[in-house]
Structures are given as structure tokens and as C-alpha cells.
Amino acid sequence: MSVSYTLLFLCNYHGLGSTVEFLSTYYNYNNSKNLSLSLRVIYDTNPIVTLYRNYAYLLIPSLLCISVACSSQNSNVVSKKPDPSAPTNIEKMPSTIDPSTQMLALFEKKLCEDFYNAFTFAIEHHLIADPKNYQSYLATALQNWFENYIEKFPTKFHERDIAAKQDACSIFTTLNRKIYPLVVSHNDKYKDITFEEFSVHELNNFFNEALDTFDYFSYVVWGDNRKPSFELTKRSSPIPLLDRTDYQWRKPSALVVDPSYNGVFNPEITKWSLITEIDAYDFHDHSFEDTVGFLRYGVPEKGLSISFYKNDNSFAKDIQVESLQSEYENTSAVKSHIIDSNIIYIRIAEISEKTKDQIIADLYTALATIPNPQGLIIDFSGNVGGSVEFAQKIASIFLPYGSPLFRTETIHVENHQKQLKTELVKNSFPDARTIAPENIPPTIVITNRATASSGELVVSAWKANHVPIVHIGEETTFGKAIGQPLISNNGAILDFRLTDTRAFTFDIDENGAVTWYTWQLSQKNNQLGLIADISVTDPVIEDLYQHPDKRHFNRAFTMLDLQKRYGNAIEFSTPTTKFDEPVQILFPKEYQINPTILEALQRFAKSEISNIDSCSPDAIPGNPLFSERRECLYDISVHVMRYWISSL
């Protein structure tokens, strides 16, 4: 019996050794059969196929086409030695198997090896994961992954399907073979996905569930070009929307045009206009997230029509707007505008390299427009964080070179043993574009309970160094003083983020004594999050916090909320490693905030808040006091800034 195979080789400049091993294995496999093996090499940049190259063993120099015909005498398959961390029963192959099944078994064997290697590495480098719980982590992950398919195909599977006495990945591969044809037949999005591509995708889902057993924040990094997906239209509306913090969790009655919009694409659509309909698409029954997704991906090539209420409350219907090629036009992480012709407002939604560059560009453009600005408002409300590196660079805008920013404790692994190491992180960017202390105008920083992670880190660094800012926000921020570095993996597992760092800010008294603390204290010691100088409760977010049924986005508002919901959020209080490095504030004392001014602003805010409709506890959707155009923290900050300027 002769069997012919055509194998798809992906172009790569590495991995020739794996190719030789693979060919040797199949050359030796005969079992009374003649095996003719045709090897076809192509260059393919498809992102899904690119995933496959990492585990197909068939990596050879690019752009070569070869054909190899192989035949041999009877012999046994030469098995590769298993990784010590992987259960040995992965190696057990059926005694009688046809070539196609044998290839599938080797493919799945490699998947499991990659999985166990990556999972062992993840446990070792995680801040709190215990290697002793290895099997329980896997069992929980397998259960969580499989429950999704029990719900989708209730008549096809049962929980007893994962009760077999096998290792977790072997059970996964067995189930995955059954799941693949069901998914392909029920979902057109997967109709062109091969079994190998689907397996890698599902293995990463399984791995993601495994990381989630450590803590909520460790996860597989999914990129749009790294997972099976249908083609999305890379067009967007040129109308920037005001991404209010509460829009993520509720259904807006209208979409508000961002106040920084200058009407360059269509002057009829002015800032603060309330969009009510887009191409006859009534979004009242959809979430803000869905609607923005429509704008980003569903805009037709020749443009679209928008109905809206103008800034003067008059109604305009079917105004034509041209489409843009840019996919991200409506998701800018930095938005800015000028208030009263002398106050610069900048809102920062996340921390990234693009954000850092845009903040500097917007800030210096505004400074060029207003040579002597009277005030600056930097809004971090809803900022979920991002890159620690770029958080350092953003914090350095106001700080001299060498200024202390924060302290970290990070997991290091030596000889498979976890160790905590501590480090003082400083402003180490001598070429960073900064504002001299004497040129910093009166500055207000806004946060709310959704400000998290690196967003909190920037604010804490400014406050610790006595930068002359007034912190206005909800009572505390989110409380996430932990970090997740990106871990690259060479196997089938995609890149993943892993919690391996805890961060601490500091306070220095008049005698130079340093106290280290975290904005993620345990509940018994303190509330989680940074504490604002002027505390104001956002009525919309508070209403949603108290009534989860109103939320249209399943996200926690605080670390405490996260802890209650998921039960595996990390908490810690004080540093555990010895630290003797001296800490010195370099920001000049003569430019630090005057305590008398801060006290005056606190008194004014306390008396003024009752006069601001958007801050009333009743200013929630459905109440006449609520307005799509008004936001409590923004309004109170503008009032306080005007008072600050007038009192100078």
C-alpha cells in the first residue's frame, strides 16, 4: 500500500534541525507500508498560518521549493524524549495507526510539550502561584475551558468526558478532535480554519484558563493578527467620540462628539453634538462598545450619514460624513482641548508609547498656542494602565533627571527557586522633553475608581515627589499596584502576560525618613487605591457600582470589587525585601505645592459641589439632572481651577 502526503512548509530561516528530525522519523516509519512523502515549500504571510510554523516541525529556509520521495523498510517510530515537566504518558502511541493519525499524534504531542513547558515556566515566574498546586491549576483550567463547549453543544458533551485518568493535555487533545468539526459546521467564521490552526487557538484558550487560576490579571496576549477571525473593514468615521468613563458600563442614549473635535471633516457637526443615528443604525439597543465597533469596522467605503442634535440643541438629519482608512480614528488614547482660552485640558485613557508621544505633542502644541497658560488639567479617569516603561516617561514630564519614581519587588528564578528582588526605579531619561519646575502652571490631576495600574503609578510618582498638583477624584483609585510583563514563547503558546511585580510609592518626612507603602493595601489596613486630595463621588459610576444589573460591560470598578467577583485578585501590603538605597526628592522646594493653597481649594470644592448638577447623587441616566454632555469630575475640576486662577 502506498500513501502520498503533501506537506505545507512555511518559510523560516531557522529550525532546520527540527526538519531533519521530522523527516528522519517519517522515513523510518513503514510498518509494511510504502510511504511517499512530497514536500512543498511556499512563502505564506497569513497570520494564522504563521502560528502553525512554530509547532509543525517543518521550518526551513524561505522561498525554496523541493519535492522529496521517501520509502523505507519496517521500523518503529523514534520518539523524542519528553520534557521532564511533562507527564510521560504523552509519549504512549497506539501500536497500530495509519500515517495520517500518526502525524496527528505527533502534532498533538508537540502541542502538549509546548503547553507543559510554558505552564511550568509560568508557575515559576508568577508572584504567588504555588508549584505544589500544579495539578489543581490544570484541572480547574480544563474544567473552565470545557464548560464553554458544554454550553454551546449540550447534547454532544458531558462533564464526565474530562474524568478520564489521563493528563490534562491528553484530555484536551481528545476533546479538541470532537470539538473542531462541530465548531466548523456551526460557525462560518471558522470554515476555512484548518484543524492545526484551530488546535493552536484552543490550546491558547486552555492556557489562558490556566493562567487565570493564578490571578485575574495573568492572561494570553491575543493580537488581531494572531487568532482566527474574519476580515474586518479597516474604515472608520472621522468623528471622534467622547469616551466617557461610564460609557463602558451602560447604554448611552446618545454618542457625544468629543469637545476637542475641530469640525475639519464636517463643520456642521460641532463639539458636544449628540449623535442619535448612524446610517439608519439605531444604537439605543446596543452598548457603547458595540457602537464604537460599528464605527470602527462597519463604515462603508463611500461614507455614511449621521443624525444628531447640534450643540445649540437643533436637530440635523442625514448629514454626510466621509470615511477614513484609519482603523483607530475613534479610539484615540489622548484627547485635549482648551477651556476658557487659558486652561489646557488633556485626557489620557491608557499608557503606551503612542500615548506618551501624543501627550507631549498635545501639551507642547497647547503651550505654543497659549504661551502663558493659567492652568492645566490632566485627566486619568478610566485610565486602565499599560506599559510601565512609558508610565515612567510620562511621569518624567514634570520631574528632574534622577528623580525617584517608585520601588518594585519582582520575581526572579534561580535553579527553579523563586526569589524576590527589589529595585528603585528613577527618571532615567536624560533626553526626555520635560517642563521646568518654574514653568509648571497650576495643575489638577483627575482620577476615579477605574484609574488603574500604570495610570495610578504616574499620579503616585508626581505626588511622592511633591510636584505642585492637586489631586481631584473619587475617594480612591482602582488599587492595582502589580505588573504583568510580556513573556515570549517559542512554542505553540502565544505570548502571555504574567503577574511577577508589585510596586510601592513613598513618603518622605521633614527629617528625610522614607516610608514605603502601596496603593493596594489589604482591606483590613486601608481601602484599595490612591487617596485623592479632593474627594468627589461620580454619581453615574456609583449608581452602576450599587446596581450591577445596569452595567453593559462586565468589569470590576475596584480591586475590592474584583476580589468579590472573581476571588483570585492579588492583595499585599508592605515590602518584604530589604532596601537600603537612599531616596531623595529633586523637585525644588520653592515650586512645591503650598499647603495653604491646597486647604483653600479643598474648602472651596466642599462648598461648591452642591452647586454642580452633574455631581448630584440624582444625576444618573433617567433623571432630569443627568446630561450626556456633563461629567461630575470634569465639572468640579474646572470650577476648582477657575477659583485657583482667580485667587493667585
Side-chain angles (χ1 to χ4, degrees), residues 216-217 242-250 252 288-289 333 347-351 377-386 391 444-460 462-463 469-482 503 505 517-566 569-571 605 609 612 614-621 626 630-637 640:
Y216 176 79
F217 295 106
L242 178 61
D243 189 4
R244 278 183 51 166
T245 302
D246 54 295
Y247 275 179
Q248 298 181 69
W249 300 289
R250 69 179 181 85
F288 176 80
E289 186 180 43
R347 183 165 193 166
I348 306 169
E350 62 183 37
I351 306 295
I377 299 176
I378 304 178
D379 191 348
F380 284 93
S381 59
N383 187 306
V384 296
I444 288 174
V445 173
I446 304 174
T447 65
N448 65 1
R449 71 187 75 185
T451 304
S453 197
S454 293
E456 296 169 292
L457 188 151
V458 175
V459 179
S460 70
W462 286 342
K463 296 182 72 172
I469 66 172
V470 173
H471 179 193
I472 296 179
E474 295 194 281
E475 185 176 5
T476 63
T477 52
F478 188 88
K480 180 180 176 291
I482 56 176
T505 189
Y517 66 95
T518 177
W519 55 93
Q520 191 180 310
L521 295 174
S522 61
Q523 186 181 1
K524 64 181 180 180
N525 292 328
N526 193 9
Q527 293 190 36
L528 303 173
L530 297 173
I531 299 175
D533 299 323
I534 297 175
S535 179
V536 181
T537 299
D538 184 304
V540 176
I541 296 182
E542 177 63 20
D543 181 60
L544 294 170
Y545 183 78
Q546 299 296 336
H547 303 92
D549 56 300
K550 294 184 180 181
R551 304 181 197 176
H552 287 257
F553 190 86
N554 187 30
R555 177 180 170 184
F557 290 89
T558 64
M559 279 291 293
L560 186 58
D561 188 19
L562 185 77
Q563 181 87 327
K564 291 179 179 178
R565 184 177 304 178
Y566 297 100
I570 295 176
E571 284 193 11
I609 194 167
I612 301 176
S614 60
C615 291
S616 168
D618 296 325
I620 59 178
F626 174 79
R630 301 262 57 96
E631 188 172 2
C632 172
L633 294 172
Y634 175 90
D635 289 345
I636 188 64
S637 297
V640 171

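Each of Q546, R551, K550 was evaluated against P548; a single residue qualifies, R551, per the side chain to side chain contact (heavy atoms under 4.5 Å, CB included) test. When T447, D533, T477 are each tested for a side chain to side chain donor-acceptor pair (under 3.5 Å) with H471, only one passes: T447.
Here S535 contributes atom OG and I609 contributes atom CD1; the two are 8.5 Å apart, rounded to the nearest 0.5 Å. With rounding to the nearest 0.5 Å, the separation of SG in C615 from CG in L633 is 6.5 Å. Rounding to the nearest 0.5 Å gives a distance of 7.0 Å between CD of Q520 and CD of E571. Atom-to-atom distance recorded for F557:CZ and R565:CZ is 7.5 Å, nearest 0.5 angstrom. With values rounded to the nearest 0.5 angstrom, L457 atom CG is found 8.0 Å from T505 atom OG1. Taking CD1 of I472 as the start and OG of S637 as the end, the distance is 4.0 Å to the nearest 0.5 Å.
Between the side chain of T558 and the backbone N or O of R449 there is no donor-acceptor pair closer than 3.5 Å. A donor-acceptor pair under 3.5 Å links the side-chain atoms of S454 to the main chain of G386, judged by distance alone. At least one donor-acceptor pair under 3.5 Å links the side chain of E456 to the backbone N or O of G479. A donor-acceptor pair is defined here as one N or O able to donate and one able to accept, closer than 3.5 Å; no such pair exists between the side chain of E542 and the backbone of P617.
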Does F380 form a side chain to side chain contact (heavy atoms under 4.5 Å, CB included) with I446? I'd like the steps, not just the answer.
CA-CA 6 Å; F380 284 93; I446 304 174; over 6 Å; no

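Side-chain contact between L528 and T476 is absent, with no heavy atoms from C-beta onward closer than 4.5 Å. Side-chain contact between I378 and W462: present, with at least one pair of heavy atoms (C-beta onward) separated by less than 4.5 Å. With contacts defined as side-chain heavy-atom distances shorter than 4.5 Å, the pair F217/L562 qualifies.
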